[in-house]
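Down below is the structure, laid out as structure tokens.
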Amino acid sequence: MSVTVKHNFDQIQAEIASICERVGRDSQSVHIVAVTKYVSTERAQEAISAGVNHLGENRVEGIEEKRDSLGDVVSWHFIGSLQSKKVKKVIDHITYLHSLDRLSLAKEVDKRLEGKQTLDCFVQVNVSGEESKSGLHQKEVLPFIEELSNYPSINVIGLMTMAPFVEDNEQTRPIFKKLKQLQLSIAEKGYKHAPCTELSMGMSNDYHIAIEEGATFVRIGTALVGNEK
Ligand SMILES: *Cc1c(COP(=O)(O)O)cnc(C)c1O
């Protein structure tokens, strides 16, 4: 692969800075999660050397393998759907869970953390309502978050969504706007277990729009570290 991660990272950071300036946001409020699921541990190391400090994986095996060799110099984000029976394998390795989508998962996380620690979680929302997408429907989000107060290890820092893939990126804008509105309406409640101040949205093809609409965590794979598969 000819283009270095450093080159991509510098370019993405510069772009983010210019978008933030244009829309009047502080660029420090946007965190770049390098999604390394398509690349080797060596390439993930290159990202760390380039200055990335958040890495995301969507499979338990991916996290285990990479974290074993790279350690905890970065924060690890679990961004894929997580089976309850696999929670015990990742719970000690991750600082953020982006895919909290059911109470049984919250229960398992809570059991594994034994009230000694909290885990920062995003509740995953299926804003578009597409059958193939995981996550809660918009109407289910508030009652779900209220129920989460029963699991003291869960700290709902925000909401996450995956926009459907479309040719014209502009079509994703209404989805990001809706997630932002929903996030604000929950933050307004002032729940102690759910400050809900963050928005995990935007990937390689649509992070520009997501940031314009308020994303605080963008999950970028292909455009940052490439795709070796
Ligand atoms: C793979 C993946 C990404 C990154 O996708 P790219 O298009 O390569 O940037 C982001 N979020 C989730 C949940 C993913 O599974």
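The structure presented is a predicted model; accordingly, all values stated were derived computationally and were not measured. As the structure lists them, so they are numbered: ligands from 1, and atoms in each ligand from 1. Quick note: residue numbers are just sequence positions, from 1.
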task: Could you check N155 against T118 for side-chain hydrogen bond (donor to acceptor under 3.5 Å, both in side chains), going step by step and ending with a plain yes or no?
output: CA-CA 6 Å; N155 182 40; T118 58; 5.2 Å; no

task: Could you say whether the N/O atoms of G221 and ligand 1 ever approach to under 3.5 Å?
output: yes

task: Ignoring angles and geometry beyond distance, decide whether S204 reaches within less than 3.5 Å of ligand 1 through its nitrogen or oxygen atoms.
output: yes

- prompt: How does K37 reach ligand 1, if at all, at less than 4.0 Å between non-hydrogen atoms: by side chain, backbone, both, or neither?
  reply: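 It is the side chain that touches ligand 1; the backbone stays farther off.
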
message: With heavy-atom distances below 4.0 Å as the criterion, list the atoms of ligand 1 near I220.
response: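 In order of number, 9 (O).
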
Is there a donor-acceptor pair closer than 3.5 Å between any side-chain N or O of [X] and the backbone N or O of [Y]?
X	Y	answer
N126	E130	yes
K89	E64	no
N169	N205	yes
W76	G71	yes

Taking [atom] as the reference point, the nearest protein heavy atom with its distance:
atom	result
atom 8 (O) of ligand 1	T222 OG1, 2.6 Å
atom 11 (N) of ligand 1	R219 NE, 2.8 Å
atom 5 (O) of ligand 1	M203 CE, 3.8 Å

message: Among L105, L103, L113, exactly one meets side-chain contact (heavy atoms from CB on, under 4.5 Å) together with Y151. Which residue is that?
response: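 Exactly one pass, corresponding to L103.
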
query: Should Y38 be listed as contacting ligand 1, given a heavy-atom distance under 4.0 Å as the test?
result: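 Yes, Y38 has heavy atoms under 4.0 Å from ligand 1.
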
- prompt: Quick one: does I79 get within less than 4.0 Å of ligand 1, heavy atoms only?
  reply: yes

Crowding at CD, E21 (>12 non-hydrogen neighbours, <6.0 Å):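 It does not: E21 CD has 12 such atoms or fewer within range.
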
